[in-house]
Amino acid sequence: MGDQEGFVKHIASKAEDFSQWYIDVVLRAELADYAPVRGCMVIRPHGYALWENMQSLLDARLKATGHKNAYFPLFIPESFLRKEAEHVEGFAPEVAWVTKAGNEELPEPLVVRPTSETVIGHMYAKWIKSWRDLPVLINQWANVVRWEKTTRLFLRTSEFLWQEGHTCHRTAEEAESETLKILEVYRRFLTEDLAIPVVTGQKTEREKFAGAVRTYCIEALMTDGRALQAGTSHNLGQNFAKVFDITYLDEDNELKHVWQTSWGVSTRLIGGIIMVHGDERGLALPPKVAPVQVVIVPILAASSREVVLSAVGGIQERLSKVCRVEADCREEYSPGWKFNEWELKGVPIRLEIGPRDLKAGQVILVRRDTGEKTAVPMDGLETAVTNMLDDVQKGLYLKAKRFVEDNTRIVEDYDTFKDILETRRGFMDAPWCGDQACETAIKEETGATIRCIPMGRLPRPGKCIHCGKDTDTWVYFARAY
RNA sequence: CGAGGUGUAGCGCAGUUUGGUAGCGCGCUUGGUUCGGGACCAAGAGGCCCCGGGUUCAAGUCCCGGCACCUCGACCA
């Protein structure tokens with residue numbers, strides 16, 4: 001990659017000031033901007049195009065597993081929220097209220113949805129009559145509002161965009177298998193489309209969703225060593241079915257409550273992409289979701305201007321059949337300026353073409369992830385570009401995977417645990433007795449939380465990192481966003 | 001919600017100590033020369049100095065009171 005100096009002077013150094021770097025990247029890459037309302041953001045075209053690509057890939061995966069989209073209202077009657085005790089307790093502190101319409105007080109205050117279990121449960125009670133109506137597999141793409149005290153662009157804003165799936169099943173087993181199926185959909189979406197490696201696992205009682213029986217999650221590791229909860233899938237059991245009276249008449253002619261799940265991922269994932277793949281030069285986007293996959297930068301000298309521009313047109317035409325391509329033919333910026341600008345915006349491949357290349361019948365391709373430059377013959381350009389996009393996608397994933405491996409440490413001693421948190425951070429795989437008191441104490445003493453109890457692992461003897469009691473449960477700790 | 005910090009041109013800041021004509025860099029506009037890693041010259045445009053009171057002949061600057069945003073902590077996707 002050569003010297004880092006002199007490439008980008010307009011964003012903070014990632015190594016020296018990670019938080020400022022993150023903000024600079026979001027703003028300078030024009031993903032988002034601060035809105036006039038506290039804690040809210042505007043997602044700008046470049047950021048929104050990224051979200052749209054993410055949406056369409058995940059949406060296809062959800063449809064392939066039998067889910068259908070629907071839309072439920074933004075406003076929820078106060079009384080709905082109160083029905084499930086744990087649920088209110090979990091969300092009450094951060095709900096936004098609508099109490100007036102014009103000048104008149106509303107008869108019943110409305111909450112702006114922080115999540116839709118309650119309204120959807122109400123509707124499901126109307127719609128479901130028979131075991132033949134099951135399963136119900138509905139997903140919604142929507143905005144939700146949670147009035148957060150501290151906000152950060154994409155990672156935590158008062159309003160955010162997400163998808164929330166809400167399903168009903170005939171049996172507990174079927175609900176559990178749906179919960180796990182979605183977790184797998186999320187895992188593959190993150191690894192295959194976003195190039196973000198994740199740990200899958202179960203949340204502890206303390207960390208689970210308010211109102212769920214069990215919460216599964218995918219956890220990702222950011223390059224500053226902090227964890228990001230990237231998606232959750234909840235087995236709701238019959239908790240909401242009972243309070244909303246969602247029942248069906250079973251084959252045996254008995255009235256039974258349905259078994260439910262809910263699950264979601266949000267625009268927070270954009271923050272994850274930035275913090276996993278970004279570098280000193282700015283954003284680096286995985287090709288599968290990058291709004292622009294290839295940017296053409298012509299070298300325009302006066303003598304060869306016309307021929308170069310016409311070659312650009314031809315290349316753009318050809319490449320537009322195999323990828324998302326854009327040509328930057330602005331005359332008021334120098335090529336060097338454009339190189340930096342498009343790198344900052346995370347475009348996976350830059351294609352340079354100038355008089356020298358025209359003579360040689362080639363173009364120059366430059367990879368965003370490695371900075372590597374390759375001369376590629378004009379013939380077969382489509383194949384070279386498609387292959388390179390695949391390579392960048394894989395390269396980003398492998399680099400991120402190596403980082404997670406290098407920063408996941410087996411820890412059996414509390415002093416080491418604390419020391420790692422102060423210095424390198426990352427995931428700590430440590431024994432835990434299962435007692436919530438230890439979990440809370442660790443959080444208070446070190447700031448680390450249990451990110452998850454990883455799935456598919458054999459029991460292994462150890463002594464609780466905090467109290468020293470014998471246990472065979474090992475969990476992932478980290479400081480989290 | 002606690003602790004700090006910052007509010008002056010679109011952005012980043014100086015000016016506040018010691019009250020006296022509103023400044024710098026970048027960006028923006030126009031014209032010209034350039035173009036293989038953030039080019040250069042020339043001429044321009046752009047201000048409720050966060051808001052409200054007060055002191056003063058005079059306030060960006062001093063006093064009082066608000067508000068907003070950012071960072072770090074406690075809580076959450």
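The structure presented is a predicted model; accordingly, all values stated were derived computationally and were not measured. Numbers restart at 1 for each chain; the letters A, B, ... are given by sequence-line order, proteins then strands.
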Salt bridge flag under 4.0 Å for residues [X] and [Y]:
X	Y	answer
A:E422	A:R479	yes
A:K203	A:E219	yes
A:E176	A:R214	yes
A:D369	A:R367	yes
A:E445	A:K443	no
A:R61	A:E192	yes
A:K399	A:D279	no

Quickly work out the [X] [atom1] to [N] [atom2] distance and round it to whole Å.
X	N	atom1	atom2	result
A:L358	B:rG36	CG	C1'	13 Å
A:I11	B:rG12	CD1	C1'	16 Å
A:R367	B:rG37	CZ	P	21 Å
A:L365	B:rG36	CG	P	19 Å
A:D33	B:rC11	CG	P	10 Å
A:L27	B:rC69	CG	C1'	13 Å
A:N340	B:rA39	CG	C1'	13 Å
A:R350	B:rG37	CZ	C1'	7 Å

### Task
Step through the shown structure and confirm whether more than 12 heavy atoms of other residues, nucleotides or ligands are within 6.0 Å of CH2 on A:W141.
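Yes, the 6.0 Å shell around CH2 holds more than 12 heavy atoms from other groups.
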### Message
Tell me whether the count of non-hydrogen atoms from other residues, nucleotides or ligands lying under 6.0 Å of CD in A:E89 goes above 12.
### Response
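No - once you tally the heavy atoms of other residues, nucleotides and ligands closer than 6.0 Å, there are 12 at most.
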In whole angstrom, give me the gap between the [atom1] atoms of [N] and [M].
N	M	atom1	value
B:rG12	B:rU55	P	35 Å
B:rG54	B:rA58	P	12 Å
B:rU29	B:rG10	P	15 Å
B:rC51	B:rU8	P	10 Å
B:rU61	B:rC50	P	8 Å
B:rC41	B:rC35	C1'	16 Å
B:rG66	B:rG2	P	14 Å
B:rG47	B:rC24	P	15 Å

### Task
Identify whether any heavy atom of A:P298 sits under 4.0 Å from a base atom; if not, whether one sits that close to sugar-phosphate; answer base, sugar-phosphate or nothing.
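Nothing: the residue A:P298, judged by heavy atoms under 4.0 Å, touches no strand.
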### Message
Classify A:G354 by what it touches in the nucleic acid, base, sugar-phosphate, or nothing, heavy-atom distance under 4.0 Å.
### Response
base
### Message
Can you tell me how the ring of A:H466 sits relative to the ring of A:Y414, calling it parallel under 30°, perpendicular over 60° and tilted otherwise?
### Response
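Ring orientation of A:H466 relative to A:Y414: perpendicular.
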#### Entry: All side chain to side chain contact (heavy atoms under 4.5 Å, CB included) counterparts of A:H122, not counting sequence neighbours
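Result, side chain to side chain contact (heavy atoms under 4.5 Å, CB included) vs A:H122: A:F80, A:F244.
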Counter-base of [N], judged by Watson-Crick or G-U geometry with both distances under 3.5 Å:
N	result
B:rU29	B:rA43
B:rG4	B:rC70
B:rA77	none
B:rG20	B:rC57
B:rU34	none

#### Entry: Base versus backbone protein contacts along nucleotides 70-77 of chain B [heavy-atom cut-off under 4.0 Å; B, S, -]
SSSBBSBB
All N/O pairs under 3.5 Å across the protein-nucleotides 30-33 of chain B interface:
none

### Message
Check the phosphate of B:rC35 against A:S334, side-chain N and O only, distance under 4.0 Å to OP1 or OP2. Yes or no?
### Response
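Checking B:rC35 against A:S334, no side-chain N or O comes under 4.0 Å of OP1 or OP2.
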### Query
For the base of B:rG36, is there a side-chain donor-acceptor partner from A:K373 under 3.5 Å away?
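Between B:rG36 and A:K373, which were checked side chain against base, a qualifying N/O pair under 3.5 Å is absent.
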